[in-house]
**Q** 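Before anything else, here's the structure in question.
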Amino acid sequence: MRIVHSPAAMTAWSEGLRREGVTIGFVPTMGALHDGHRALIRAARLHCDALVVSIFVNPAQFAPHEDLATYPRPIAKDRALCREEGVDVCFEPTTTTMYPAGFQTVVTVPSVARRWEGESRPHHFGGVATVVTKLFGIVRPHLALFGQKDFQQAALVRRLVKDLDLGVRIIVRPTVREPDGLAMSSRNVYLSPEERRTAPIFYRALEAGRKAVERGVKDAASAQTIMRELLAGEPAVRIDYLAVCDPATLEPLTTIGRQAVLLGAIRIGSVRLIDNVVVKTGGKKRRPDR
Ligand code: AMP
């Protein structure tokens with residue numbers, strides 16, 4: 001496996017392979033790799049001949065009060081996982097090569113980024129959209145894989161690729177969970193043992209919402225109540241937001257039709273967790289906008 005730090009060297013490697021007709025797959029990450037990332041890497045392998053994983057903790061998507069400084073960076077372990085999974089290139093740019101003096105362009109996807117994570121973390125999606133656009137420009141992949149765990153991020157990336165004609169096929173893969181249902185996340189290491197025992201209530205609440213909708217609850221407010229009542233049973237949990245939305249537009253629903261996504265963010269102590277589940281009811285067909 002090659003470790004590449006320079007964007008120019010990364011592009012040269014990709015361009016060389018593209019000329020030979022090699023299909024390049026790409027999994028962008030912030031490192032601290034776990035089995036969720038591993039699943040994306042394995043899925044990518046099935047669709048490409050050469051595979052690039054990037055590890056870059058992107059300062060532009062963190063607000064000043066957030067956890068940029070303490071974000072876990074176990075680089076030796078991450079490289080070992082990539083080697084184990086047959087990754088061809090681990091692309092590890094530095095902040096100064098990604099954002100050199102004079103850098104000023106920001107990519108925004110206003111409507112997808114407006115609500116939910118965008119409301120709680122106002123600069124976050126500008127940072128994400130900008131870095132994904134840059135990484136696609138540097139790595140020049142044919143396809144890129146993202147996790148459903150970051151549902152709004154995946155929607156934003158799809159929109160941006162379409163709007164800017166980036167020519168990258170986007171594949172979104174299901175959320176990988178711990179046996180008790182907690183979505184795997186690099187931030188789970190911040191949870192104390194007691195908080196860790198509490199955390200699975202989040203997925204249980206989303207699942208209770210999903211089951212209620214599948215049993216015929218059509219009214220988004222009732223689905224919300226079911227989820228909120230479960231979360232209220234855990235005094236350590238504070239809800240940041242909890243939403244019942246259209247999966248294509250991320251606009252809140254009043255009445256649930258054929259599909260919905262139940263998504264939310266909670267805090268347990270100082271740790272913020274996000275998660276979501278998609279519900280399909282098999283009702284009347286509607287064409288999503290993507
Ligand atoms: P991150 O390193 O957190 O920026 O995540 C990199 C990619 O891995 C993103 O596309 C995430 O959605 C995806 N990812 C993170 N956690 C999981 C998970 N538990 N299951 C599946 N994909 C995940």
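One-based numbering, in listed order, for ligands and for the atoms of each. Along the sequence shown, the residues carry numbers beginning at 1.
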**Q** When you check the side-chain N and O atoms of Asp180 and Tyr203, is any donor under 3.5 Å from an acceptor?
**A** no
**Q** Side chain or backbone of Arg173 under 4.0 Å from ligand 1, or both, or neither, by non-hydrogen atoms?
**A**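 The answer is neither.
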**Q** Indicate whether any N or O donor in one side chain lies under 3.5 Å from an N or O acceptor in the other, for Tyr190 and Glu195.
**A** no
**Q** Counting each atom of ligand 1 from 1 as listed, which ones have a heavy atom of Gly36 under 4.0 Å away?
**A**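 Per the distance check, 18 (C), 20 (N), 21 (C), 22 (N).
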**Q** Just by distance, do the side chain of Asn276 and the backbone of Gln148 share a donor-acceptor pair under 3.5 Å?
**A** yes
**Q** Is it the case that over 12 heavy atoms from other parts of the model lie below 6.0 angstrom from the CZ atom of Arg228?
**A**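 It does: Arg228 CZ has more than 12 such atoms within range.
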**Q** Taking Leu51 as the starting point, is it possible to reach Ile171 by hopping between hydrophobic residues whose side chains are less than 4.5 Å apart?
**A** yes
**Q** Side chain or backbone, does Ser185 bring an N or O within less than 3.5 Å of an N or O on ligand 1?
**A**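 By distance alone, the answer is no.
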**Q** With a cut-off of 3.5 Å and sequence neighbours excluded, list every side-chain donor-acceptor pair involving residues 22-30.
**A**
| from | atom 1 | to | atom 2 | distance (Å) |
| --- | --- | --- | --- | --- |
| Thr29 | OG1 | Gly31 | N | 3.0 |
| Thr29 | OG1 | Ser54 | O | 2.8 |

**Q** Can you find a side-chain donor-acceptor pair between Thr94 and Thr97 that sits under 3.5 Å?
**A**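 Distance-only check passes for Thr94 and Thr97.
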**Q** Take every heavy atom of Ala154, measure it against each atom of ligand 1, and state whether any distance is under 4.0 Å.
**A**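 No.
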**Q** Salt bridge (charged side-chain N to carboxylate O under 4.0 Å, His left out) between Glu66 and Arg272: does it pass, once the steps are laid out?
**A** CA-CA 10 Å; Glu66 291 180 343; Arg272 186 169 182 280; over 6 Å; no
**Q** Can you find a non-hydrogen atom of His34 under 4.0 Å from ligand 1?
**A** yes
**Q** Provide the number and element of each atom of ligand 1 under 4.0 Å from a heavy atom of Phe146.
**A**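 The list of qualifying atoms is 10 (O).
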**Q** Compile the donor-acceptor pairs under 3.5 Å between side chains in residues 98-110 and protein atoms, sequence neighbours left out, one pair per line.
**A**
| from | atom 1 | to | atom 2 | distance (Å) |
| --- | --- | --- | --- | --- |
| Tyr99 | OH | Asn58 | OD1 | 2.5 |

**Q** Give the C-alpha distance, both sets of side-chain angles, the deciding distance and a yes or no for side-chain contact (heavy atoms from CB on, under 4.5 Å) between Phe91 and Leu135.
**A** CA-CA 10 Å; Phe91 177 48; Leu135 287 168; 3.8 Å; yes
**Q** Between Pro28 and ligand 1, is there a nitrogen or oxygen pair with a distance under 3.5 Å?
**A** no
**Q** For atom 22 (N) of ligand 1, find the nearest protein heavy atom and state the residue, atom name and distance (0.1 Å precision).
**A**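 Going atom by atom, the protein heavy atom closest to atom 22 (N) of ligand 1 ends up being Gly147 CA, 3.5 Å.
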**Q** Do any nitrogen or oxygen atoms of Leu40 lie less than 3.5 angstrom from nitrogen or oxygen atoms of ligand 1?
**A** no
**Q** Looking only at protein heavy atoms, which one is nearest to atom 1 (P) of ligand 1, and how far off is it?
**A** His37 NE2, 3.7 Å
**Q** Which atoms of ligand 1 have any heavy atom of Thr175 under 4.0 Å away?
**A** 19 (N), 20 (N), 21 (C)
**Q** Would Ile55 and Val4 show up in the same hydrophobic cluster when neighbours are defined by side-chain heavy atoms closer than 4.5 Å?
**A**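 The answer is no; the residues belong to distinct hydrophobic clusters.
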**Q** Asp150 versus ligand 1: do any nitrogen or oxygen atoms come within less than 3.5 Å of each other?
**A** yes
**Q** Just to confirm my output: which protein heavy-atom neighbour is closest to atom 4 (O) of ligand 1, and how far is it?
**A**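 Among all protein heavy atoms, the one nearest atom 4 (O) of ligand 1 is Met30 CG, 3.6 Å.
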**Q** For atom 9 (C) of ligand 1, which of Gln61, Gln153, Lys149 has the closest heavy atom?
**A** Gln153
**Q** Which of the atoms in ligand 1, numbered in the order shown and given with their element, are less than 4.0 Å from a heavy-atom of Thr29?
**A**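 It comes down to these atoms of ligand 1: 2 (O), 6 (C).
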**Q** Please determine if Val176 has a nitrogen or oxygen closer than 3.5 Å to a nitrogen or oxygen of ligand 1.
**A** yes
**Q** Pro174 near ligand 1, heavy-atom distance under 4.0 Å?
**A**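 Under 4.0 Å: yes for Pro174.
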**Q** What atoms in ligand 1 come closer than 4.0 Å to a heavy atom of Met184?
**A**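 Heavy-atom distances to Met184 below 4.0 Å select 16 (N), 17 (C), 18 (C), 19 (N).
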